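Worksheet for the structure shown next.
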Protein chains: 2
Amino acid sequence: MLTGVLYALSDPVRLSIVKHLAEDGGKACGTFCLPVAKSTASHHFRVLREAGVIQMRPEGTQYITSLRREDLDCRFPGLLDSVLQASGPI
Amino acid sequence: MLTGVLYALSDPVRLSIVKHLAEDGGKACGTFCLPVAKSTASHHFRVLREAGVIQMRPEGTQYITSLRREDLDCRFPGLLDSVLQASGPI
DNA sequence: ACCAATGTTCGTATACTATCGAACAATTGG
DNA sequence: CCAATTGTTCGATAGTATACGAACATTGGT
């Protein structure tokens, strides 16, 4: 759902996650240096995942997180790019 | 703020308002046939206005509402267009 | 087997959002 | 001046979001 994606991207913490992923590709959850507790971070990752913005695959004790760029570009062409461009550098 | 715009657009009622405005240009608040009470509609118009998505100018007893397309396209190039395209027809 | 590392889940507290109806303000028209 | 129209504001309420710490599960290494 479009509104779900927009909502997921409307939180500063989650937008920061997406920006880092757009820059760096796949990363483990713990490598984001987020200004919240890890339980809160886990919540934000879930919101992004359930909105279809990211995917997470387990690898050892950690989860490698990555953007679902192709899916997003297919469902909502240009949206992610414009958001990333508008959000500026990290 | 980008997150403010994304948040404003993440509500179905508000997105519907924006879609109608993109289609029809300036309209009075009462002409949107929204599925909420007018006090609630007024709240949604305010959220959109404060996020910089729309502008409202008084004209008689009503407010003519319109998209701030140029401002948005300048601040967040491509964003509104991709959202409108992704949101489909009214 | 045990311990450390990584996230998730749970319970909870706080804050914000969407919603409504009622009351109010401003303007237009009779 | 009075009434109708249009939208805002206020107060209340129910639901949802964000945040945290504590406890738990899973995996990998010692």
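Nothing here was measured: the structure is a model prediction, and the numbers come from that model.
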Residues touching DNA chain C, which here means a heavy atom under 4.0 Å, drawn from residues 2-29 of chain B: B:Tyr7, B:Asp11, B:Arg14
Shortest non-hydrogen contact from B:Leu2 toward A:Val83: CD2-O, 3.6 Å
Rounded distance in Å - CD (B:Gln62) to C1' (C:dT28): 11 Å
Interatomic distance where CG belongs to B:Leu48 and C1' belongs to C:dT17 [whole Å]: 14 Å
Sub-4.0 Å heavy-atom contacts from residues 37-47 of chain A onto DNA chain C, ordered by number: A:Lys38, A:Ser39, A:Ser42, A:Arg46
Main-chain N/O of B:Tyr7 paired with B:Ser10 side-chain donor or acceptor, under 3.5 Å: yes
Spacing of A:Phe32 atom CZ relative to C:dG7 atom C1', expressed in whole Å: 13 Å
Whole angstrom value for the distance that separates P of C:dT6 from CG of A:Leu34: 14 Å
Spacing of B:Arg57 atom CZ relative to C:dT27 atom P, expressed in whole Å: 16 Å
hydrophobic_cluster_shared for A:Leu80 and B:Leu6, side chain cutoff 4.5 Å: yes
Connected via hydrophobic side-chain network under 4.5 Å: A:Ile64 and A:Val53: no
Atom-pair distance (CD on B:Glu59; P on D:dT6), nearest Å: 13 Å
Closest-nucleotide 5' rank along DNA chain D - winner of A:Pro35 and A:Gly60: A:Pro35
A:Ser82 to B:Gly78 - nearest heavy-atom pair and separation: CB-C, 3.8 Å
Per A:Arg49 side chain, nearest of listed nucleotides C:dT27, C:dT8, D:dT8: C:dT8
Residues which pass side-chain contact (heavy atoms from CB on, under 4.5 Å) with A:Ser16, listed by chain and number, not counting sequence neighbours: A:His20, A:Leu34
A:Val5-A:Val47 co-clustered via ILVMFWY side chain contacts under 4.5 Å: no
Test item: A:Thr3 and B:Leu9 side chains (from C-beta on) under 4.5 Å apart, heavy atoms: no
Spacing of A:Tyr63 atom OH relative to C:dT9 atom P, expressed in whole Å: 8 Å
Non-hydrogen atoms of A:His44 and A:Ile17 that approach each other most closely: CB-CD1, 4.3 Å
